[in-house]
Amino acid sequence: TGLFGMTVRDDVPYDEEELTSYEVGVKTDLFRGLSRLNASAFYYDYSDYQAFAQFGPVQTVINLDAETTGLEAELTSRPIEGLTLRLGASFLDTKVKDVPLPDGVTIEDHDLPQAPDFSGNALARYEFGFAGGTVGIQGDVLYSSEFCFTVLCAPVEQEDAYTVANARLSYDS
């Protein structure tokens with residue numbers, strides 16, 4: 001018996017994932033401290049990546065090799081008192097190798113699940129004193145390119161590109 005009284009099986013026919021990761025990055029202040037840039041480039045090499053595969057009516061976990069190469073950057077600026085501006089972006093190139101499909105065909109390179117090629121975000125927030133407290137006015141937006149929820153990527157497992165925008169008004173006493 002394992003955590004929280006759940007039964008743990010030791011006869012499951014797949015191996016543990018192993019991840020070797022390499023990353024280089026920078027965090028630096030710009031424009032005499034008014035802005036900060038955070039950026040990183042990375043490479044992830046998966047050995048025995050655990051993926052779901054469909055064999056007839058049975059879905060099972062199999063081990064495949066996979067890799068991810070990416071770049072992420074975020075720029076935050078406070079050009080005047082009370083104003084915060086932020087831009088962020090992420091670029092991914094992912095591959096799961098030799099993915100078997102239910103019809104017996106093997107896809108040589110397929111995208112990792114839930115890994116959009118591009119995602120980005122932006123935020124603008126202004127805070128000022130009012131009536132003994134602080135008022136905040138904020139707008140933000142998030143964009144994600146299309147991606148799949150599983151490595152098989154059947155049509156029902158695909159997420160189209162989308163944008164989410166938010167507006168917020170707050171008062172902190």
Side-chain angles (χ1 to χ4, degrees), residues 2-4 6 8 10 12-54 59-80 83-101 106-125 127 136 138-154 157-166 168:
L3 188 62
F4 304 115
M6 296 173 26
V8 177
D10 59 4
V12 178
Y14 56 86
D15 295 325
E16 293 181 2
E17 287 181 347
E18 289 186 28
L19 173 64
T20 302
S21 63
Y22 304 91
E23 183 172 355
V24 61
V26 63
K27 292 183 178 197
T28 186
D29 289 332
L30 305 168
F31 310 114
R32 290 176 268 131
L34 295 176
S35 298
R36 172 164 274 231
L37 175 66
N38 299 329
S40 66
F42 53 89
Y43 173 75
Y44 296 160
D45 184 12
Y46 293 90
S47 179
D48 293 327
Y49 172 77
Q50 294 174 1
F52 287 103
Q54 192 80 30
Q59 188 175 58
T60 188
V61 175
I62 61 173
N63 292 108
L64 302 170
D65 290 330
E67 60 185 39
T68 299
T69 303
L71 174 66
E72 293 180 340
E74 180 182 77
L75 177 65
T76 302
S77 184
R78 293 185 174 87
I80 61 172
L83 179 62
T84 301
L85 303 172
R86 181 173 298 136
L87 290 173
S90 173
F91 302 89
L92 294 175
D93 180 26
T94 66
K95 290 182 184 70
V96 179
K97 300 173 183 174
D98 303 322
V99 177
L101 297 180
T106 299
I107 297 177
E108 189 172 313
D109 290 328
H110 198 285
D111 293 336
L112 273 167
Q114 300 183 29
D117 292 338
F118 173 76
S119 60
N121 61 77
L123 173 139
R125 180 172 178 82
E127 295 178 317
Q138 177 176 311
D140 58 77
V141 63
L142 166 76
Y143 171 81
S144 175
S145 65
E146 64 185 8
F147 62 89
C148 289
F149 288 104
T150 71
V151 75
L152 296 176
C153 200
E157 300 169 328
Q158 296 175 1
E159 179 72 41
D160 291 334
Y162 64 88
T163 302
V164 176
N166 298 295
R168 178 179 177 173

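Quick caveat, the model's predicted, so the values are computed rather than measured.
Using the six-membered ring where Trp is involved, Phe147 and Tyr162 have ring planes that are perpendicular, over 60° apart on the 30 and 60° scheme.
Taken from OH in Tyr44 to OG in Ser21, the straight-line distance is 6.0 Å, to the nearest 0.5 Å. The OG1 atom of Thr94 sits 4.0 Å away from the CG atom of Asp111 when rounded to the nearest 0.5 Å. Annotation: the span from Lys95 atom NZ to Thr69 atom OG1 amounts to 6.5 Å, rounded to 0.5 Å. Residue Lys97 holds its NZ atom at 11.0 Å from CG of Leu64, rounded to the nearest 0.5 Å. Between the CD atom of Gln114 and the OG atom of Ser144 there is a distance of 10.0 Å, given to the nearest 0.5 Å. One finds the CG atom of Leu30 at 9.0 Å from the OG atom of Ser77 (value rounded to the nearest 0.5 Å).
A salt bridge between Glu74 and Arg36 is absent, with no side-chain N of the basic residue lying under 4.0 Å from a carboxylate O of the acidic one.
Residues Gln158 and Cys148 approach most closely at CG-SG, 3.7 Å, considering heavy atoms. Minimum interatomic distance between Thr76 and Arg86 (heavy atoms only, all atoms of both residues): OG1-NE, 3.2 Å. The two residues Tyr143 and Ser145 have their closest heavy-atom pair at CE2-N, 3.6 Å. Across all non-hydrogen atoms, the minimal contact from Ala124 to Leu85 is CB-CD2, 3.8 Å. What you find for Gly136 and Glu127 is that their closest heavy atoms are CA-CG, 4.2 Å.
For the pair Asp93 and Phe91, the minimum side-chain heavy-atom distance is 4.5 Å or more. Side-chain contact between Asn121 and Asp140 is absent, with no heavy-atom pair separated by less than 4.5 Å.
When Leu123, Thr84, Asn166 are each tested for a side-chain contact (heavy atoms from CB on, under 4.5 Å) with Gln138, only one passes: Leu123. With respect to Thr68, the side-chain contact (heavy atoms from CB on, under 4.5 Å) criterion is satisfied by exactly one of Leu19, Asp45, Leu112: Leu112.
For Gln50, the side chain to side chain contact (heavy atoms under 4.5 Å, CB included) partners are Tyr14, Glu17, Val61, Asn63, not counting sequence neighbours.
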| field | From CA spacing to verdict: side chain to side chain contact (heavy atoms under 4.5 Å, CB included), Tyr43, Val24 | value | CA-CA 9 Å; Tyr43 173 75; Val24 61; over 6 Å; no

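Judged by distance alone, the side chain of Ser47 and the main-chain N or O of Glu18 form no donor-acceptor pair under 3.5 Å.
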